[in-house]
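Residues: numbered from 1 along the sequence shown.
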Amino acid sequence: MAILTCYPGLEITVEVDGQRAQEYDAPADEVAARATEISFHSIPQLRQHGCPYTIKYIESKPGKPFAFELDSSNFLIPSPDSQKHQIVYKCILDGISTCYYRLRGGTKWRRSSYHSGNENSGWTLHMFQFANLEIVEGGDEKQVNRAKEYGTLLIKLWHTINLSRTAPKMACDGPVPVQSVSEQALKGRSVDSKVQ
């Protein structure tokens with residue numbers, strides 16, 4: 001389970017084909033190196049908890065569905081002052097961004113799909129599912145930046161203050177189909193699956 005020291009009690013797990021995925025810890029130096037690539041906007045009252053970032057590895061199973069479970073049943077959103085504190089999150093799959101959702105304390109949330117589209121053209125449902133990623137020889141410079149995100153399931157959290165309005169459902173692009181990637185673009189990373 002992924003637990004951040006700044007949010008004790010909030011647990012995030014991944015289920016693959018209905019079973020909780022076995023997790024493996026990333027080396028501390030990898031977590032520290034990856035954290036430097038991200039711009040964190042710290043809330044002063046939470047800075048003493050250190051870097052709000054963690055990495056876990058799981059096994060992907062091509063053809064199998066997966067889901068995120070966000071368990072906040074033992075979690076209270078830190079509210080060190082009289083302002084209204086809330087947490088908003090989104091799932092980012094292989095670099096594909098999905099919609100924002102509000103996380104409430106004392107609940108369990110399960111996410112296994114998202115919608116792409118907009119109010120004018122309509123919405124398309126996408127279920128979270130793993131698929132095979134073909135590794136090919138040669139190199140394609142256009143793939144290098146995108147390939148950094150292959151094999152990643154990211155949950156991004158925003159700690160907001162006085163977010164009083166509820167935004168309408170925002171337009172969201174559909175996933176860009178990826179059939180293959182070159183070994184050169186992966187730069188030595190061991191990735192053989194993608195999100196379908």
> Is there side-chain contact between D25 and K56, with at least one heavy-atom pair below 4.5 Å?
Replying inline: yes
> Who pairs with W158 by ring-ring contact (aromatic ring centres under 6.0 Å, His included), at least two apart in sequence or on another chain?
Replying inline: Y100
> Roughly how far, to the nearest 0.5 Å, is the CZ atom of R104 from the OH atom of Y101?
Replying inline: 12.5 Å
> Looking at side-chain heavy atoms only, is the closest gap between Q22 and E59 below 4.5 Å?
Replying inline: no
> If you measure from CD1 on I155 to CG on L10, what distance do you get to the nearest 0.5 Å?
Replying inline: 10.0 Å
> Can any side-chain N or O of S72 pair as donor or acceptor with the backbone N or O of T107 at less than 3.5 Å?
Replying inline: yes
> For the residue pair S112 and A67, what are the closest heavy atoms and their distance?
Replying inline: CB-CB, 3.7 Å
>> To the nearest 0.5 Å, what is the distance between CG on L103 and CG on D71?
In response: 10.0 Å
> Does any non-hydrogen side-chain atom of L153 lie less than 4.5 Å from one of F130?
Replying inline: yes
> Got a second to check how far C91's SG is from I96's CD1, nearest 0.5 Å?
Replying inline: 12.5 Å
>> Is the shortest side-chain heavy-atom distance between W109 and F68 below 4.5 Å?
In response: no
>> Just so I know, are the side chains of R111 and T98 near enough to count as touching, which here means a heavy-atom distance under 4.5 Å?
In response: yes
> Who passes side-chain hydrogen bond (donor to acceptor under 3.5 Å, both in side chains) against N74, sequence neighbours left out?
Replying inline: none
> Shortest non-hydrogen contact from A21 to V16?
Replying inline: CB-CG2, 4.0 Å
> Considering residues, nucleotides and ligands other than K64, do more than 12 of their heavy atoms fall under 6.0 Å from its NZ?
Replying inline: no
> OG/S116 to CH2/W123 distance, rounded to the nearest 0.5 angstrom?
Replying inline: 8.5 Å
> Just how far is it from atom CD of E15 to atom CD1 of I58, taken to the nearest 0.5 Å?
Replying inline: 11.0 Å
>> Any non-hydrogen side-chain atom of F66 less than 4.5 Å from a side-chain atom of D17?
In response: no
